[in-house]
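For reference, the structure is listed below as C-alpha cells.
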Amino acid sequence: MVYDHNKIEAKWQHYWEQNQTFQTENSPKPEQEKYYVLDMFPYPSGQGLHVGHPEGYTATDIMARFKRMQGKNVLHPMGWDAFGLPAEQYALKTKHNPGSFTQQNIANFKRQIKSLGFSYDWSREVNTTDASYYKWTQWIFEKLYEKGLAYEDEIEVNWAPDLMGGTVVANEEVVNGKTERGGYPVYRKPMKQWVLKITAYADRLLDDLEDLDWPESIKQMQRNWIGRSTGARITFPVVDCQDTIDVFSTRADTLFGATYLVLAPENELVDRLTSSEQQAAVADYRKQIASKSDLERTDLNKDKTGVFIGSYATNPVNGKHLPIWISDYVLSSYGTGAVMAVPAHDQRDYDFAKKFALPIIPVIDGGNVEKEAYTGDGQHINSGFLNGLNRQKGLDKMMEWLQDHHAGKSQVNYKLRDWIFSRQRYWGEPIPVIHWDDGTTSLVPETELPLRLPQTDDLKPSGTGQSPLANLTEWVNVTDSQGRHGVRDTNTMPQWAGSSWYYLRYIDPHNDQMIADPAKLKYWLPVDLYVGGAEHAVLHLLYARFWHKFLYDLGVVPTKEPFQKLVNQGMILGTNHEKMSKSKGNVVNPDEIVAEYGADTLRLYEMFMGPLVESKPWSTEGLAGANRWIKRFWRLFIDDDNQMSEFLTTENDGNLTKIYHQTVQKVTNDLEKMRFNTAISQLMVFVNAVYKEQKLPTEYATGLVKLLSPITPHLCEELWQRLGNKNSIAYADWPSYDEQQTVADQIEIVVQVNGKVRAHLQVEPNIKNSELQELALANQHVKTAVTGKKIHKIVVVPSKIVNIVAS
RNA sequence: GCCGAGAUGGCGGAAUUGGCAGACGCGCUGGACUCAAAAUCCAGUGAUCAUUGCGAUCGUGCGGGUUCGACCCCCGCUCUCGGCACCA
C-alpha cells in the first residue's frame, strides 16, 4: 500500500492528543535530568504561518523528541506574543476590539502548528494578552518601579506623528530615520515617558555574555549595542562666567590639539552661554534642528552644520581660549552632550573645522592634516609634557595630570540608552500607575492586579498624543477611599514586555500566587536550547536578559542568565533565492505542503535543505524528493499489499552490521550538534545499502525507525506500531552503537607521489609504518610515477596516507 | 565607513587538530519493468583531453605565501549577505 500521509498523520496527531503523550509532569523530578527546549513564541499575525516558522520549530521538536528518547525530562512549550500594533490598526479600521481578532489569529496559528506534529505540551500554552498572564508583567513593572528602575522622565523621544495618530517609538524601532513598522517619519520631541533603567545593568549585560553558548555574531552585536567606552570627563571653565563645560573624550591625550568646543543644540548650557549678538542665530539654528527628522539629521545630511554661540572656554591644560559652537553632530543623549573638538585627529571635527575655517593643530606625528584627520598612533608633538610619548603613554600621563589638577577624571560611557517603556496605544498591558490630582503618583496595589484593559469596540485616537485609553473616561478617572481624585496612566507597555519573561511562565503557567514556584524554576532554569530568528539579536534578547537579571536580584529566579544556548535558524528564501514576500509572489504556504505531501515531508525537507543556521532557497523539486524518500523508506517495511515487506528478516547475515553501527553513531552525534542535514544524509546512505542487500534484519529495522522518528514522527509511529510495539515511539530508548563495529577489518590507505593520488591500498588497520611504506613502493602505479626520479622523503600518516616526495 | 559571517559541479549542499574535493539529495542521461505512460528499481553524471583498455591534466571567488601535502593556515584583494552607522 502506498504511504497515505493524510490518514497516518491524522491518526497519530489524534493519538498524541488523546494520550497526552507530550504533557510534562507538573512536579519537578530531581532524579531525572531535565532539558528545556524553547522556541521564540510567535506574534499571531493575520497572515498565518510561512515556511520559515516550521524550520526553527522542527529543529527544536527534533531535539525535544531526541532528548526524550535519551531519557531526559523535556519541557517543550508554545505560546503567543499577542499584543501588538497590527491588531490595533485593524481594530481602529474596523471598529472591533483587537481581542477577538487576536483570538481568531491564534486559533489559526495553533491549527497550523498542530498540523505539523510538534510535540508541544499544550497544557502550558501562554498568551501575553490574558489578564492572568499580564498580571505578572504588571507585577514585574511594579517591582522595577519600587526599586527605582522605572521612572518618568521628560526626554527626547522618537515621535512618529503619523503612526497611529501619533506615537512614541523606541530607538530600536527606528530604521533609517523611519518607523520600523509602516515607515513613517520620526522626529525628536521632548515628552514625558516611562523609562526603564537598563543602563544600570549595562556592565553585567556585557560581561555575562562571556559564559553563554551563543553565536559569536549575536554576542558581538549585543556588545556593540551596549557600546561600553572608557575615557575621560574633562572640565573646561567658561571665560568670564562661573559655568563650566564637561566633555567626554576617549582621546584625552589630544587635549593640546583641541581648538573649539561643540555642544549639542539641545544642551541646556546653550541658553546661558549664548552671547546677546548670537541669540538670533542660535535660536534660528535650534528651530531648524527640532523640525528635522532623524533621517535628515543623519542619512540625508552628511554635511556639517552649526553656529558659534559667542562665548569661549578655557583649555585646562594650556589656558587657550576656545570658541564654543553648537552642532547637531553632537548628540545630547550621549556622554555630556558636549565634545572637545580635535580636528587634526577626529574626522568629524575635521570636517566641521574645514567647513567653518577653524584652526587645525596636529598633536600626533604622522598623517597629513592638509587632507584628513589622522587617527593612528604616533609620537605626540605640540603637546608640552606629552611630547615624544606615543598614544597610550600620552593618555596615561594626561589622565594623571587631569586628576592632579582637578580638571578631569576617568569615566565610562555606554551607547546603550535607557529603555523607553511607554507606548501611546490601546493594545498592550496598561501601566498600573495612578496620577493623583495632588501631584503624587502611586502604583495600583499588588492585590488589585491585574489592572485589566477596559473592553471597547470603539477605538479612536485621542488626538492629544495620548493612547486611545484616554477616551475611556470611566476607566481613566479614579477616586480613592478618602475621596481623592486621580487619573490612570494611559500608557501601555511595548510588545517587548510580555516576551521578556514568558519562558518563566511556561514552567508554572497556572500559578495564581506567584510568577512561578521557586522549586520549579530551580529545576527547569536555565533554558537549555533557545531557537529563533536573528532579527531578535539585540532587542528581545537584551530586554529578556535585563529582566531576568533584575528578577535574579530580587531572588525570584535562580540563574543569572535565561538562555544558556542560543541558535538562530537561517532564513528560507524563495525559489528565486530572494527573501519571501507577498510582493515578490514567492511565498510558500505550509498548509499547501502539508495537504499535498504531509507534515513529515515538510519537516524532512526543511531539515535536509542545508545547515539550520544558513539561509537557503526553497526548491519544489527538492521537496518532492523528500517525499519520494519517505515513500522509499515506507516500502522497506510495507509492501504493495499492505503487508510487512519481504525485506524484513529475523536472520542477520552481518552484511549491514558495520554500516548500521556507523549510522547510529553518526545520527546520534549529528543530532546532538543539530546537524540535521548530515544526519538525514546518513540515513539515506543506510537505506540505499538496505536496498542493495534486499534484506533488513529486524533488529536494524527497529533501530532505523527510532533514528528517524524525531524527524518524521508520524511515519515512524505508524511503522513502530506495525513492527508490533504497543506504546508510542516517543519514549522508546534511543539506539546504541558498538564502537568496535564501526571500524572495518580492512582500511584503505591513499598513496600519493608529490601530493598526487597514485594508488589505493587495502591493509590491516594496525599495519606497521615500514610495511606500509614497502607496500606503497611496490605498487605498480607508484613505480610508474617515480620512475627516473630520486626519492627524497616518504611521509607516512598511520591509517591515512603515504606521500612519496620525489624529483 | 566600521563590525561580523560567507563564496565548493547545472542547483541545494558534504568534507577542516592540514591528508582521496564533490557524501547525500535535486536535475539530467541511459537501462530494466510496462501494450504504453506514470510510479518504481538499477547504472552513469565536476571540466577538458584520451577512449580499445589502463588513463592524463585542470579544478573549492581572485593574487601571493607556508607545507611532503591547503576548500582548511598566513598576507593582500573582489564580491555577497547580516548588523551598526556622526556614540566623541
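Every chain is numbered from 1, with letters handed out A, B, ... down the list of sequences. None of the values given here were measured: they were computed from a predicted structure.
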(request) Could I get the full list of ring-ring contact (aromatic ring centres under 6.0 Å, His included) partners for A/Tyr691, not counting sequence neighbours? (result)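 So A/Tyr691 forms a ring-ring contact (aromatic ring centres under 6.0 Å, His included) with A/Phe647.
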(message) Could you work out, with ring-ring contact (aromatic ring centres under 6.0 Å, His included) as the rule, every residue matching A/Tyr605, not counting sequence neighbours?
(response)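 A/Tyr605 satisfies ring-ring contact (aromatic ring centres under 6.0 Å, His included) with A/Trp618 once adjacent residues are dropped.
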Might you list the N or O atoms of the protein lying below 3.5 Å from N or O atoms in nucleotides 30-40 of chain B, with each pair's distance?
residue : atom : partner  : partner atom : Å
B/U40   : O3'  : A/Arg635 : NH2          : 3.1

Taking N or O atoms only and anything under 3.5 Å, show me the protein contacts with nucleotides 15-23 of chain B, one pair per line.
residue : atom : partner  : partner atom : Å
B/G19   : N2   : A/Gln752 : OE1          : 3.4
B/C20   : O2   : A/His760 : NE2          : 2.9
B/C20   : N3   : A/Glu748 : OE1          : 3.3
B/C20   : N4   : A/Glu748 : OE1          : 2.8
B/A23   : N3   : A/Ser681 : OG           : 3.4

When you check the phosphate oxygens OP1 and OP2 of [N], does a side-chain N or O of [X] lie under 4.0 Å from one of them?
X	N	value
A/Lys793	B/C68	yes
A/Ser229	B/A88	yes
A/Asn688	B/G25	yes

Closest to the [X] side chain: [options]?
X	options	value
A/Met684	B/C86, B/G25, B/C68	B/G25
A/Gln220	B/G4, B/C84, B/G82	B/G4
A/Phe248	B/C3, B/G12, B/A88	B/A88

(request) Only counting residues at least two apart or in another chain, list the ones meeting side chain to side chain donor-acceptor pair (under 3.5 Å) with A/Glu210. (result)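 Applying side chain to side chain donor-acceptor pair (under 3.5 Å) to A/Glu210 gives none.
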(message) Quick check on the 6.0 Å ring-centre criterion: do A/Phe608 and A/Trp629 meet it?
(response)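 Judged by ring-centre distance (under 6.0 Å), A/Phe608 and A/Trp629 do not meet the cut-off.
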(message) What is the separation between atom CD1 on A/Ile680 and atom P on B/C26, rounded to the nearest whole Å?
(response)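 That distance rounds to 13 Å.
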(request) Runs of at least three consecutive Watson-Crick or G-U pairs, both distances under 3.5 Å, are what I'm after; which ones involve RNA chain B? (result)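 B:1-7 with B:78-84, B:10-12 with B:24-26, B:27-32 with B:40-45, B:46-49 with B:55-58, B:61-65 with B:73-77 - these are the stems of 3 or more pairs that involve RNA chain B.
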